[in-house]
Number of protein chains: 2
Amino acid sequence: MTLPPQADSSRPTEAGAAPVGKAIPEATVVRLAVYLRVLGQLGEGGAETVSSEELASLSGVNSATLRKDLSHIGTYGIRGVGYEVAALQHELERVLGLDHPQAVALVGVGNLGHALAGYGGFGGRGFPVTALFDVDPELVGSTIDGIEVRHVRDIAAACPAAGVTIGMIATPAQAAQQVCDQLVAAGVHSILNFAPTFLQVPDDVEVRKVDLAVELQVLAFHVAGRGGISEHGTTSPRVVHGRNGSAVVAT
Amino acid sequence: MTLPPQADSSRPTEAGAAPVGKAIPEATVVRLAVYLRVLGQLGEGGAETVSSEELASLSGVNSATLRKDLSHIGTYGIRGVGYEVAALQHELERVLGLDHPQAVALVGVGNLGHALAGYGGFGGRGFPVTALFDVDPELVGSTIDGIEVRHVRDIAAACPAAGVTIGMIATPAQAAQQVCDQLVAAGVHSILNFAPTFLQVPDDVEVRKVDLAVELQVLAFHVAGRGGISEHGTTSPRVVHGRNGSAVVAT
DNA sequence: AAGTGTGAACAGCTTCACAGCC
DNA sequence: GGCTGTGAAGCTGTTCACACTT
């Protein structure tokens, strides 16, 4: 067994016709999502413009990093002033593909899955959960927030019908690969994996993983005394510390 | 498929006296946790030794990366043979600080928090949840899996008493910073943050973040067509595959 | 005066390639 | 012969520093 040695990070591959010239680094994409959230909070707070310094600080990154990130998507700042909150927000939404909702399918409605299904945050933010699957006879047929839980074997049929573009796997590890294969067969090319296993997928499928056990173990490592300390993020930024206290975010 | 990485880096800072000579890169620590899981599976399967090639492939990384990672913690391989599964497993547990349990406090027992509290996986893996907190009067006083939910204001008193070393924040964004400050005041130096906000903490506190909205947005970006495609991991590794497993879903 | 955009320096992590040991 | 351990090379992403704009 072996595999394609692919090894890179950002790919030069241009899959679609994006209005952007070059490829955007993965690390940058992650931060763009963070900036977008902060911009939303700033907008609610009534701010019209923000400086790179301020936006960076609220996002937990270095201001040079932020400016470079934004330079990847074009130039939307005003020298001497900063960025227009609303304009930048819309631009980021467009780049991230949030201008139209992405239907999500959730497989595995056990403990964690059930919580994810009921987690209102998704639907409101452009990620409506439109399909639920499980194998447990007790669950299949029941409904959660108005969505019926169907049997995993229906994935191939139900996902396309529901317009699903993103799949979330919250099953036990042993089942994850199989479920993943079914999602892929159903045309789902983006998967968020909560199961503690490495998923093998074709080259045109994107998998992101959230592994709670690993997160805790990394923290344990730091508790044990080794390692430096800083604000890392799984998803988040680099380091940077801030100052303790002050600066409260609006939300 | 491929994949890059992550989001964080490492710090040179040496916080404690570890038996290891140099500092271990953050990226390496994350992968060590992954290797440990795979070793556990191999051990259950009866394997005595593994080659770097096999372990790497099952973990989704390049074999050279794996060997370099292990070289950071000393030399436990046998040239011409591979690694002893059990020995390496114990060594990794030791390095990650898993030889004694880390008590976890969970703040925010709403939707997600409740699922995390009930998620049996933690206690069994050395991370017993020993304290729960919330502000909702409906929840305070109730018990989940035998643990009483206490009011957030008791954090400072209850955490030290329960021997808490790791805190998990699953509150709404607006409350997160305040809760974080209280955990820090209670002596908790390692925090796993599920709230969508950047937490400001003193230099000696480690924060890791899990942001579901960001994960979905990054996936949306790929659905939208930009970006290369690969197996990324929030937490996870690089590439390479494992084998397709059979097994049925159990939930 | 203030703040963006960016070339260039820097740092860290990954991969190669091979010497050395079993 | 097979496989680990590791110096060296290659990359990617981050940070600096400053020219340029408003």
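All chains are named by letter (A, B, ...) in the order of the sequence lines, taking the proteins before the strands, and each is independently numbered beginning at 1. Being a predicted model, the structure only gives us computed values, none of them experimental.
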With sequence neighbours excluded, what pairs up with [X] under the side-chain hydrogen bond (donor to acceptor under 3.5 Å, both in side chains) test?
{"X": "A:Thr28", "value": "A:Asp69"}
{"X": "B:Ser190", "value": "none"}
{"X": "B:Arg37", "value": "A:Asp211"}
{"X": "B:Ser52", "value": "B:Arg67"}

Taking [atom1] from [X] and [atom2] from [N], how many angstroms apart are they, rounded to a whole number?
{"X": "A:Glu54", "N": "C:dA2", "atom1": "CD", "atom2": "P", "result": "16 Å"}
{"X": "A:Glu26", "N": "C:dT14", "atom1": "CD", "atom2": "P", "result": "15 Å"}
{"X": "A:His72", "N": "C:dG7", "atom1": "NE2", "atom2": "C1'", "result": "13 Å"}
{"X": "A:Leu55", "N": "C:dA2", "atom1": "CG", "atom2": "C1'", "result": "17 Å"}
{"X": "A:Ile73", "N": "C:dT6", "atom1": "CD1", "atom2": "P", "result": "13 Å"}
{"X": "A:Leu32", "N": "D:dG13", "atom1": "CG", "atom2": "P", "result": "13 Å"}
{"X": "B:Glu53", "N": "D:dG2", "atom1": "CD", "atom2": "P", "result": "13 Å"}
{"X": "B:Ile24", "N": "C:dG12", "atom1": "CD1", "atom2": "P", "result": "16 Å"}

For the side chain of A:Ser51, counting heavy atoms from C-beta on, which of C:dT14, C:dG3, D:dT4 is nearest?
C:dG3

Would you indicate which nucleotide in C:dT15, D:dT15, D:dG13 comes nearest to any side-chain atom of A:Lys68?
D:dT15

Out of the candidates B:Ile166, B:Leu183, B:Val179, only one should pair with B:Ile191 under the side-chain contact (heavy atoms from CB on, under 4.5 Å) rule; please name it.
B:Leu183

Under 4.0 Å from OP1 or OP2 of [N]: is there any side-chain N or O of [X] that close?
{"X": "B:Ser71", "N": "D:dG5", "answer": "no"}
{"X": "A:Asn62", "N": "D:dC16", "answer": "yes"}
{"X": "A:Thr75", "N": "C:dG5", "answer": "yes"}
{"X": "B:Arg31", "N": "C:dT14", "answer": "yes"}
{"X": "B:Ser52", "N": "D:dC3", "answer": "no"}

Nucleic acid contacts - residues 82-91 of chain B versus DNA chain D, non-hydrogen atoms under 4.0 Å
B:Gly82, B:Tyr83

Determine, step by step, whether A:Arg208 and A:Glu26 satisfy the salt bridge (Lys or Arg N to Asp or Glu O under 4.0 Å) criterion, reporting the C-alpha distance in whole Å, the side-chain angles of both residues, the deciding distance to 0.1 Å, and the verdict.
CA-CA 12 Å; A:Arg208 290 189 66 86; A:Glu26 184 72 17; 2.8 Å; yes

Test of understanding: with side-chain contact (heavy atoms from CB on, under 4.5 Å), list the residues that count as partners of A:Glu53, not counting sequence neighbours.
A:Ser51, A:Ser63

With sequence neighbours excluded, what pairs up with B:Ala175 under the side-chain contact (heavy atoms from CB on, under 4.5 Å) test?
B:Thr171

Donor-acceptor pair, distance only, cut-off 3.5 Å: does the side chain of A:His189 make one with the backbone of B:Val223?
no

Could you give the side-chain donor-acceptor pairs of residues 73-92 of chain B under 3.5 Å, partners two or more places apart or in another chain?
unit_1	atom_1	unit_2	atom_2	d
B:Tyr76	OH	B:Glu91	OE2	3.1
B:His90	ND1	B:Ala86	O	3.2
B:Glu91	OE1	B:Arg94	NE	3.4
B:Glu91	OE2	B:Arg94	NE	3.2
B:Glu91	OE2	B:Arg94	NH2	2.5

Per-nucleotide protein contact along nucleotides 17-22 of chain D, 5' to 3', at a 4.0 Å heavy-atom cut-off (B base, S sugar-phosphate only, - neither), is B--BBS

